[in-house]
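Below, all heavy atoms of this structure are taken into account, side chains as well, without hydrogens, waters or symmetry copies. All residue numbers in this chain count up from 1 along the given sequence.
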Amino acid sequence: MEILEILCGIFAVIFVLYQFFTSTFYFWKSCGIRGPRPIPGFGNLKDVLLGRITLGSYLMKLCNDYKNEPLIGIFAMRTPILVVKDPDLIKDIFIKDFSTFADRGFTTHEKAEPLSQHLFNLEPKRWRPVRAKLSPIFTSHKLKEMFSLISECSNHLVEYVEKIVNKDEPIECFELMAKYTTDVIGSCAFGIEMNALSNENSEFRRIGRDVFHPSWSDLLRNKIKIFSPWLYDILGHILPDTEITNFFMRLVIDSMDYREENNIIRHDFIDMLRDLKKYSDKMGDIDFTDSLIVSQAFVFFVAGYETSSTTMANTLYELALNQKIQDRLREEIDEEYTKHDGNLTYDIIKKMNYLDKVFKEILRKHPPLLFLMRKSMSSYTFNGIKATIPKGQKVWIPIFALQHDPRVYPEPDIFNPERFNEEAVQNRHPMSFLSFGDGPRNCIGARFAVYQVKLGLIKMLRNYKVEPCEKTEIPYVRNEETFILTPKNGIHLRIIKINRT
């Protein structure tokens with residue numbers, strides 16, 4: 001009798017768990033949206049969760065399997081996720097009906113993770129005034145003022161490469177470019193010489209690496225945040241701040257206080273944050289705490305150096321494997337140098353057409369993010385489709401899969417800058433290229449990123465030739481475990497000095 005009771009108890013527990021894990025599985029069918037059959041406990045991400053396939057590869061396969069479906073319904077464990085792949089519907093989400101999808105769907109944790117309150121994560125209520133206040137730092141006029149600072153850092157890059165080229169050894173370009181972009185961000189945004197290129201032990205570069213290669217304790221905190229956000233918030237009252245949090249809080253607050261006390265004005269990112277704090281009482285009922293303000297500096301530093309350095313390293317990689325494209329780009333660079341006596345300006349670089357094609361093709365083939373997220377702020381019916389989603393529905397826009405769709409970009413794994421000639425661009429839907437996002441919530445620092453990347457590449461290619469070496473990883477392997485897509489094992493190339501007589 002006891003054995004029977006035990007067995008009944010076990011079956012009851014299994015039944016309850018099964019009901020719990022499958023209770024949402026009829027959701028997409030009720031919405032009239034197709035998708036793969038989910039598995040209890042895993043949803044549709046079993047192979048991803050077990051490490052058998054990367055999330056990027058899964059989304060690619062998903063989009064290929066349902067290539068004629070504008071919407072695909074999947075489950076992350078038991079949570080419904082809507083994958084939107086139709087360009088017209090994506091345009092509605094990003095632009096036309098932005099007010100319904102202004103929320104990215106991230107959760108900020110003010111106590112446990114003070115620096116999570118940045119533009120990328122913020123809910124619409126706080127995002128709007130913060131974005132409006134920070135936007136002026138990224139105008140064309142402001143970038144022209146910063147141009148000389150970026151140019152100076154790019155000169156330092158060339159000087160540094162001159163030293164290491166003489167060793168006649170393969171050079172790891174991902175770390176090299178990260179040092180350059182760290183120096184650019186430090187100079188242009190914070191008014192600080194970070195010296196990541198000249199100083200091997202630069203604290204700024206070390207902190208930058210730690211953000212994307214967290215310690216075991218930080219990984220544990222992240223697991224708790226994902227699986228038990230309520231527990232994470234509770235622990236926030238007792239867990240000590242991380243070294244990264246302490247570093248940025250000290251850096252930004254001390255810089256702001258020093259400038260205030262000494263009446264220093266640089267019209268840079270730190271000054272924008274000072275204004276944000278000074279006039280916060282005029283922005284309604286939003287509490288502009290120190291952590292909210294410092295969060296904006298944190299995300300600008302981290303996203304600004306990592307995405308740009310990865311893009312630069314990826315460019316050198318593709319040019320090393322495609323010498324004719326490298327030669328053609330160098331010809332354009334040399335022509336502009338000759339035409340303007342070496343005095344390149346913001347406007348001159350803006351007109352370098354082939355450089356722009358190369359840059360966009362790099363971002364097409366190697367976008368910084370796999371997908372973008374949105375969350376519906378009210379129920380919504382998609383235009384032209386009898387499909388309605390409820391308030392709070394999570395939406396994924398699969399950037400990587402869209403930019404590798406062979407119907408839009410034939411032979412998508414081939415590096416071909418001519419995909420971005422004027423005729424090709426006009427014949428494509430604008431939502432087929434989303435490396436910077438689109439609409440009001442696009443990347444605020446896109447212009448800045450473009451010019452620190454382009455200017456650094458111009459100086460590099462003017463002075464050096466890049467070639468593959470025995471350590472060059474072919475084919476390219478992506479690291480999808482980090483938030484921003486990076487080369488898994490770095491990018492090792494041979495860099496050769498160009499002797500100009």
Side-chain angles (χ1 to χ4, degrees), residues 115 118-120 134-139 142-158 160 173-213 244-245 247-256 259 266-274 276 293-315 346 368 436 443-460 482-484 486:
L115 301 185
H118 50 71
L119 272 178
F120 195 86
L134 296 183
S135 290
I137 196 69
F138 300 104
T139 61
K142 197 65 186 176
L143 284 173
K144 288 180 181 180
E145 293 180 352
M146 294 180 185
F147 193 81
S148 62
L149 297 175
I150 302 175
S151 183
E152 184 179 355
C153 290
S154 65
N155 289 335
H156 292 163
L157 171 62
V158 172
Y160 178 76
C173 293
F174 177 66
E175 176 65 19
L176 173 64
M177 296 301 113
K179 290 179 178 180
Y180 160 70
T181 55
T182 297
D183 281 351
V184 172
I185 296 292
S187 179
C188 295
F190 301 101
I192 297 172
E193 291 187 10
M194 295 190 173
N195 300 318
L197 279 167
S198 59
N199 181 8
E200 291 294 328
N201 299 313
S202 168
E203 186 177 17
F204 293 97
R205 180 66 196 113
R206 180 181 63 80
I207 289 292
R209 280 194 294 263
D210 289 347
V211 171
F212 290 96
H213 300 89
I244 294 170
T245 297
F247 175 84
F248 278 98
M249 291 294 291
R250 185 178 68 251
L251 169 69
V252 177
I253 298 301
D254 287 354
S255 295
M256 291 169 62
R259 293 188 187 188
R266 286 177 52 94
H267 301 293
D268 59 4
F269 198 77
I270 290 293
D271 281 352
M272 286 289 181
L273 297 181
R274 288 171 64 193
L276 195 64
I293 290 170
V294 175
S295 292
Q296 313 319 315
F298 167 74
V299 75
F300 182 43
F301 172 78
V302 171
Y305 96 79
E306 182 77 359
T307 56
S308 294
S309 61
T310 302
T311 299
M312 291 183 72
N314 287 339
T315 303
Y346 175 93
F436 286 118
C443 174
I444 190 174
R447 283 197 188 99
F448 183 88
V450 168
Y451 282 93
Q452 73 166 334
V453 168
K454 286 185 176 180
L455 193 48
L457 288 172
I458 286 171
K459 296 291 180 69
M460 280 291 295
T482 54
F483 184 69
I484 293 173
T486 57

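- Under the 3.5 Å distance criterion, with hydrogens and angles disregarded, a donor-acceptor pair is assigned to the side chains of S151 and K459.
- Of all non-hydrogen atoms in T486 and E306, the two that sit nearest each other are CG2-OE2, 3.3 Å.
- Side-chain atoms of I293 and M256, non-hydrogen and from C-beta on, do get closer than 4.5 Å to each other.
- Within the 3.5 Å criterion, the main-chain N or O of L134 finds no donor-acceptor partner in the side chain of Q296.
- One finds the CG atom of L197 at 9.0 Å from the OG1 atom of T181 (value rounded to the nearest 0.5 Å).
- In this structure, the ring of F248 has its center less than 6.0 angstrom from the ring center of F301.
- Between Y346 and Y451, the angle of the ring planes stays under 30°, which puts this pair in the parallel group of the 30/60° scheme.
- Although no hydrogens or angles enter the test, the distance criterion places a donor-acceptor pair under 3.5 Å between the side chain of Y305 and the main chain of G208.
- F298 is listed as a side-chain neighbour of I244, based on a closest heavy-atom distance under 4.5 Å.
- To the nearest 0.5 Å, atoms CZ (F147) and OG (S154) are separated by 8.0 Å.
- The number of heavy-atom neighbours closer than 6.0 Å to CD of E145, taken from other residues, nucleotides and ligands shown, is above 12.
- The nearest pair of heavy atoms linking I270 to F190 is CD1-CD2, 3.5 Å.
- At least one side-chain heavy atom of F448 sits less than 4.5 Å from a side-chain heavy atom of C188.
- The nearest pair of heavy atoms linking L143 to F138 is CD1-O, 4.2 Å.
- Panel note: side chain Y180, backbone Q452; a donor-acceptor pair is recorded below 3.5 Å.
- Listed for the R205 side chain is no donor-acceptor partner under 3.5 Å among the backbone atoms of A196.
- At a threshold of 4.5 Å between non-hydrogen side-chain atoms, the residues M177 and L157 count as touching.
- Proximity of a side-chain donor or acceptor of S187 to a complementary backbone N or O of D183 within less than 3.5 Å is not detected.
- Annotation: the span from F300 atom CZ to M272 atom CE amounts to 11.0 Å, rounded to 0.5 Å.
- Using a 4.5 Å heavy-atom threshold, the side chains of S255 and I192 count as touching.
- Of the options R266, R259, K142, a salt bridge (Lys or Arg N to Asp or Glu O under 4.0 Å) to D271 is made by R259 and by none of the others.
- Residues L457 and K454 are not in side-chain contact: their nearest non-hydrogen atoms beyond the backbone lie 4.5 Å or more apart.
- Within the 4.5 Å cutoff, the side chain of L251 has no heavy atoms near those of the V294 side chain.
- When side chains are defined from C-beta on, V450 counts as touching F436, because their heavy atoms get closer than 4.5 Å.
- One distance of note links CD1 of I444 with CG of L119; it measures 5.5 Å at 0.5 Å rounding.
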